[in-house]
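The structure appears below as structure tokens.
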Amino acid sequence: METSIHRAEKLLGLILGLLIAIAPAINADEATPAIPSDASKTNSEVLATYKKMSLEELMDQEVTSVSKAPEPYREAPAAIQVVTGDEIRRSGASSFPEALRLADNLDVAQGSSSQWSISARGFNPSGFSDKLLVLMDGRSIYTPLLAGVIWNMQDYLLEDIDRIEVISGPGGTLWGANAVNGVINITSKSAKDTQGLYVEAGGGTWLQDFTGVRYGGMLASNVYYRVYGKYFNREAEVYADGTSANDSWNRGQGGFRIDADASPQNQFTLQGDIFAGNNDSVPGGETNAPTANGTSGGGNVLGRWTHTYGDDSSMSLQLYYDQTHLAAPFQAFPPFLVPAGTLYDDLDTADLDFQDRFPLGTWNRIVWGLGYRFTHDDVRDAPLVAFEPNTLDQNLFNVFGQDEIKLRENVFFTIGTKLEHNDYTGFEVEPSARIQWNVTDKQMLWGAISRAVRTPSRFDRDLFEPSPSYGTFLGTSNSTFESETVIAYELGYRAELGKKVSGSLSAFYNDYDHLRSLSFTPVTVLPVFHANNLQGDNYGFELSADYQILDWWRLHGGYDLLEETIWIKHGQVDVNGGLNETADPQQQVFLRSSMDLPWRMEFDAALRWIDTIHNNNGATPGTVPAYAEMDLRLGWHATKNVEISIVGQNLLHDQHAESGFAGPTQEQIVRSVYGKISCRF
């Protein structure tokens, strides 16, 4: 196996070779042989393309996830954070989960080379967070098989991401079921904004090698396009004793986007992606077991028409088709009793969505819409894991409406609801009421009461054991499992306190019912089955702030506090004692520094401290010790079109755990370093 030292030597050779190749293109006055007399001016000449937003510009940037209509971030009455494309670039993130670490209101835990657990406001057990809805350019990437997001099936050329809007708190009124504790809305740039050629390449110790290319051009007047492709190969993580976990991961993806401005009132978008990946694993973490190969692949195509009537009035019609394939290996269980095998899942999704917004007089702003989704899911069983029926077609219908009422010039009351019908539980209602008081042009107070649901997945309803001869552990499908519910109460404050400081504070209390339990019959005990025997509550607050120390130096800080209590309903049972659905830190602290240095250089640092995690997803309860980690990035704009950077991740420890249970099979996340060069023409 190639050592980290050898890979670093190869990387250094690659960077030096590229520097030699581009050296003739560097003008003599750009080579920076001496310290410039006006460093800020020198930086601005080359960094104009990457201009860092001022605090006022950050507060004024448009967001759409809170009301499904453009509005300034400073006036969005929700616990929302925005991760910009430039922040992603400067962080050195190479995947969506790494980019989401920039959102202080999320809990992001890496479990292996290709697996992450991501949640908002709790309920982040190892594996999947089933109460967080994620969308990519309006396309839901929440899987109905397991409930949650399979993050190693989600990727994009991060250079072409415009922003990521992260809402912590319910979003069911506008976005529907499963937006229980939050919504992540990932938005890519318009093809108009990605013209020309972009190439990136690099590699290092864990992110061994990667490359990406994108080209944008014009098909006709006001019709823009781009095509892209990317590939990466990631090394395996390690076990506690430092031996390889044999879970390396590689993946390739390509796609296109076309944006047409047919007229000032009509815009059309057509985009699509295709991907395939492989991730090795040792099923069950057995140190002497042979390596198994998991695969994933698929593609999607999305079309959207937007018609604008005026500043406050528009409609949109969106249609997409998504197809995914997953092959997940499962270990023998118990060893030598049930043979190992692979579960195969093929999912086809077709989704149609219509939305309309308009003012009603001078006091009301209406947004309403309706949608339909069809899914076809085909599962091929593993020896111990199966879904009944193997093939299932499901239909989801929805309609929503929301009215923002102006009570005074600076006070707004918003009320609305979504009505959905699914094939498992029938009709679900998700209302909300929200008040907003713009105290001044720079300060805003808001409060909200909301109801949201997490509808059953196939994992809840259809999971069973296909081979009774091995011993009965899982029961047959449970048709009585109902939707989990939350009633959420929120208060928030957002302000720009002068030209140097801005921040937000959100407090919440959530009341949950019908939470998932693993139950058994009092007489036979086995088989066990999923039921709704738990309820609970949690509360806490989220604080974030930006401080522009100097024109070239900005600090960002964040702090989260979460208190959770889950209990078993009176007279009911749960195998895991009410703990299985949570694996969350009580506190999180984040600190980031961003500097624009002389000689056209950038230096970014990110420090995070994550409190102890208590979980119960294994045979016995366990904890993940609190840890602190740091990421660093040093970037140099060699020319206006060439950028070279080196990134260090998890630098404070050789290895550390972020999830799982202490023992020989707990995976550790290793320290890593990689280099990157990118060119734009």
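- Under the 6.0 Å distance and 45° angle rule, Arg554 does not count as a cation-pi partner of Tyr547.
- Residues Asp537 and Tyr512 come closest through the heavy atom pair CA-CD1, 4.1 Å.
- Note that OG of Ser672 and CG of Asn650 are 6.0 Å apart. Values are rounded to the nearest 0.5 Å.
- A side-chain donor-acceptor contact under 3.5 Å links Asp247 to the backbone of Ser113.
- The aromatic ring centroids of Phe210 and Tyr674 lie less than 6.0 Å from each other.
- Open room surrounds OH on Tyr539; 12 or fewer heavy atoms of other groups in view lie less than 6.0 Å from it.
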Discussion item. Go through it in stages, so that I can follow the logic: the residues are Tyr156 and Gln253, the test is side chain to side chain contact (heavy atoms under 4.5 Å, CB included), and I'd like the CA-CA distance, side-chain angles, deciding distance and then a yes or no.
Written reply: CA-CA 7 Å; Tyr156 206 74; Gln253 179 164 321; 4.1 Å; yes

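- Here Thr187 contributes atom OG1 and Leu135 contributes atom CG; the two are 9.0 Å apart, rounded to the nearest 0.5 Å.
- A donor and an acceptor atom, one from each side chain of Tyr239 and Gln666, are nowhere located under 3.5 Å apart.
- In this structure, Lys189 does not pair ionically with Asp160, as no charged nitrogen and carboxylate oxygen lie closer than 4.0 Å.
- In this structure a side-chain-to-backbone donor-acceptor pair under 3.5 Å is present from Gln655 to Ala240.
- Under a 4.0 Å N-O distance rule, the pair Lys499/Glu56 does not qualify as a salt bridge.
- Cation-pi check for Arg234 over Phe232 is met; the charged atom lies under 6.0 angstrom from the ring centroid and within 45 degrees of its normal.
- Taking each heavy atom of Ile164 and Ile184 in turn, the nearest pair found is CG2-CG2, 3.8 Å.
- A heavy-atom distance below 4.5 Å is found between the side chains of Lys230 and Asp155.
- Under a 3.5 Å cut-off, the side chain of Glu87 and the backbone N or O of Thr84 do form a donor-acceptor pair.
- Side chains of Ser544 and Ser504: a donor-acceptor N/O pair is present below 3.5 angstrom, by distance only.
- Here the side chain of Asn124 pairs no donor or acceptor atom with the backbone of Ala583 at under 3.5 angstrom.
- Atoms CG and CG, from Asp596 and Asp604 in turn, are 8.0 Å apart once rounded to the nearest 0.5 Å.
- Between Val134 and Ser140 the shortest side-chain heavy-atom distance does not fall below 4.5 Å.
- Here the closest heavy-atom approach between residue Ser119 and residue Asp584 is recorded as OG-OD1, 4.1 Å.
- Judged by distance alone, the side chains of Gln668 and His653 never bring a donor and an acceptor atom under 3.5 Å apart.
- Separation of atoms CD1 (Ile150) and CD1 (Ile141) is listed at 10.5 Å; rounding is to 0.5 Å.
- In this structure, the side chain of Trp175 engages the main chain of Ser65 through a donor-acceptor pair within 3.5 Å.
- Looking at Glu643 and Arg90, no side-chain N of the basic residue comes within less than 4.0 Å of a carboxylate O on the acidic one, giving no salt bridge.
- The salt bridge (Lys or Arg N to Asp or Glu O under 4.0 Å) contacts involving residues 649-669 comprise Arg101-Glu658, Arg608-Glu658, Asp654-Arg671, where partners must be two or more places apart or lie in separate chains.
- The closest side-chain heavy-atom distance from Trp206 to Glu237 is below 4.5 Å.
- Cation-pi check for Arg121 over Phe508 is met; the charged atom lies under 6.0 angstrom from the ring centroid and within 45 degrees of its normal.
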Item to complete: Kindly determine whether Thr211 and Val213 satisfy side chain to side chain contact (heavy atoms under 4.5 Å, CB included), including the steps that lead there.
Response: CA-CA 7 Å; Thr211 185; Val213 60; 5.9 Å; no

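- In this structure, Tyr198 has its ring center no closer than 6.0 Å to that of Tyr228.
- Of the possible polar contacts, none joining the Lys676 side chain to the Ile646 backbone as a donor-acceptor pair under 3.5 Å is found.
- Counting only distance, with no hydrogens or angles, the side chain of Glu564 and the backbone of Gly122 share no donor-acceptor pair below 3.5 Å.
- Looking at heavy atoms from C-beta onward, Asp130 lies out of side-chain contact with Asn178 at the 4.5 angstrom threshold.
- In this view, Ala120 and Leu106, Leu132, Ser168 satisfy the side chain to side chain contact (heavy atoms under 4.5 Å, CB included) rule, not counting sequence neighbours.
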Item to complete: Begin with the C-alpha distance, continue with both residues' side-chain angles, and end with the deciding distance and a verdict on side chain to side chain contact (heavy atoms under 4.5 Å, CB included) for Val63 and Ile80.
Response: CA-CA 9 Å; Val63 297; Ile80 181 173; 4.1 Å; yes

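- A donor-acceptor contact shorter than 3.5 Å is absent between the side chain of Ser594 and the backbone of Trp553.
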Item to complete: Assess whether side chain to side chain contact (heavy atoms under 4.5 Å, CB included) is satisfied between Phe541 and Leu505, documenting all intermediate values.
Response: CA-CA 7 Å; Phe541 66 86; Leu505 174 65; 3.8 Å; yes

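- For CG of Asp193, the number of neighbouring non-hydrogen atoms (other residues, nucleotides, ligands) closer than 6.0 Å is greater than 12.
- Looking only at side-chain heavy atoms (C-beta outward), Leu632 and Leu651 come within less than 4.5 Å of each other.
- Counting only residues at least two apart or on different chains, no ring-ring contact (aromatic ring centres under 6.0 Å, His included) pair has a member in residues 78-115.
- Looking only at atom types and distance, the side chain of Trp446 has no donor-acceptor partner in the side chain of Glu490 under 3.5 Å away.
- Tyr73 carries Arg494 over the face of its six-membered ring, with the cationic atom under 6.0 Å from the centre and within 45° of the normal.
- Between Leu100 and Trp116, the closest side-chain pair of non-hydrogen atoms is not below 4.5 Å.
- Separating the CD atom in Glu98 from the CG atom in Leu158 is a distance of 8.5 Å, to the nearest 0.5 Å.
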Fill in: Check against side-chain hydrogen bond (donor to acceptor under 3.5 Å, both in side chains), His614 and Gln586
CA-CA 9 Å; His614 300 270; Gln586 184 186 58; over 6 Å; no

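- Listed for the Gln208 side chain is no donor-acceptor partner under 3.5 Å among the backbone atoms of Gly204.
- Remark: the His656 side chain and the Glu629 side chain contain an N/O donor-acceptor pair separated by less than 3.5 Å.
- Asp60 has a carboxylate O that lies under 4.0 Å from a charged side-chain N of Arg74, or vice versa, which qualifies the two as a salt bridge.
- More than 12 heavy atoms of other residues, nucleotides or ligands shown are found within 6.0 angstrom of CG on Asp241.
- Among all heavy-atom pairs drawn from Val149 and Tyr142, the shortest one is CG2-CA, 4.4 Å.
- Salt-bridge check for Arg89 with Glu159: failed, with every basic side-chain N at 4.0 Å or more from each acidic carboxylate O.
- To the nearest 0.5 Å, the span separating CG on Leu562 from CG on Asn538 amounts to 5.5 Å.
- The shortest distance between side-chain heavy atoms of Pro585 and Asp107 falls below 4.5 Å.
- Gln588 places no side-chain N or O within donor-acceptor distance of the main-chain N or O of Ile610, the cut-off being under 3.5 Å.
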